Amino acid sequence: MTSDGDRGTASSGVALPARVPRPARACRPAVAGLAPVREGEVGYRGPSACAAAGITYRQLDYWARTGLVEPSLRPGPGSGSQRLYGFRDVLVLKIVKRLLDAGVSLQSIRSTVRALRTEELDALSGATLLSDGAAVHRCSSADEVAELLREGRGVFGIAVGAVWADVEANLARVQSESLTTGESVVPGHPEDELAKRRNRS
């Protein structure tokens, strides 16, 4: 294990197996007083992404340099402060931190990150990630969770909807960057039109 919380590979597992069906209807968490996520409208620089995901800047930089979680909006060669992360990126960052803290193998986490990157964003909100420390499985119903627990493949779980709501609330409090104008968006600033639109939503 490195000082950044990254772990070496352990026993491999299939992350988010395809055999587990996706929910027929996405169920988004509702957070009172917050605007819905508008993927592609704004991005978040390194410090804001760290604050929202609950990680250190050192972890963010290390994960980007090693390809564990890279920013999808702007890679930012050199200084990590110039990288630009989207909502999904920050959601994945927070999930990765929880998996690492729980001792899940790095190999399994990398597979999970790849799956989270390709999954429909809204479909993720109703999912539960269940792990035995080696593999990570995606469940979309209580029956699927119970099945994995009976098989001894579940030690802890992450309700993605709860992480989503937490990230959304945290991002509402940090500075972002408009993808159309490149200008900084300060939460609650009276002259910030984007913030006004969010508050009216």
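Nothing here was measured: the structure is a model prediction, and the numbers come from that model.
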Legend entry - Least distance between heavy atoms, N170 atom then A52 atom: ND2-O, 3.0 Å
Inset, instruction - State, yes or no, whether a side-chain contact exists between W63 and I55 at a heavy-atom distance under 4.5 Å. - result: yes
Inset, instruction - Could you tell me the separation between the CD atom of E183 and the OG atom of S176, rounded to the nearest 0.5 Å? - result: 11.5 Å
Inset, instruction - To the nearest 0.5 Å, tell me how far D101 CG sits from K97 NZ. - result: 3.5 Å
Inset, instruction - Nearest 0.5 Å please: distance from the CG atom of D89 over to the NZ atom of K94. - result: 15.0 Å
Legend entry - R45 side chain reached by L84 side chain, heavy atoms, under 4.5 Å: yes
Inset, instruction - State whether R138 and E119 are salt-bridged, where the test is any N-O pair (Lys NZ or Arg NE/NH1/NH2 against Asp/Glu carboxylate O) under 4.0 Å. - result: yes
Inset, instruction - List for me each residue that meets side chain to side chain donor-acceptor pair (under 3.5 Å) alongside Q175, sequence neighbours excluded, and say none if there are none. - result: S184
Inset, instruction - Please confirm whether the backbone N or O of S178 pairs with a side-chain atom of T181, one donor and one acceptor, at under 3.5 Å? - result: no
Inset, instruction - Specify the closest pair of heavy atoms between S131 and V104, including all atoms of both residues, with the distance to one decimal. - result: OG-CG2, 3.5 Å
Legend entry - Interatomic spacing from CG in L121 to CZ in F87 - rounded to 0.5 Å: 6.0 Å
Inset, instruction - With sequence neighbours excluded, tell me which residues meet side chain to side chain donor-acceptor pair (under 3.5 Å) with R98. - result: none
Legend entry - Interatomic distance, R88 atom CZ to W164 atom CH2 [nearest 0.5 angstrom]: 8.0 Å
Inset, instruction - For R117 and E70, run salt bridge (charged side-chain N to carboxylate O under 4.0 Å, His left out): C-alpha distance rounded to whole Å, both residues' side-chain angles, the deciding distance at 0.1 Å, then the answer. - result: CA-CA 10 Å; R117 291 290 201 186; E70 298 176 284; over 6 Å; no
Legend entry - Spatial distance of atom OG (S108) from atom CG (L99) [nearest 0.5 Å]: 7.5 Å
Inset, instruction - Report yes if some heavy atom in the side chain of I95 is under 4.5 Å from a heavy atom in the side chain of V113; otherwise report no. - result: no
Legend entry - Validation row: Y85, L73 side chains within 4.5 angstrom (heavy atoms): no
Legend entry - Residue among L116, L124, V167 satisfying side chain to side chain contact (heavy atoms under 4.5 Å, CB included) with V92: L116
Legend entry - Within-4.5 Å side-chain heavy-atom neighbours: R110 and T66: yes
Inset, instruction - Could you check if a side-chain atom of I158 sits within less than 4.5 angstrom of a side-chain atom of T128, using non-hydrogen atoms only? - result: no
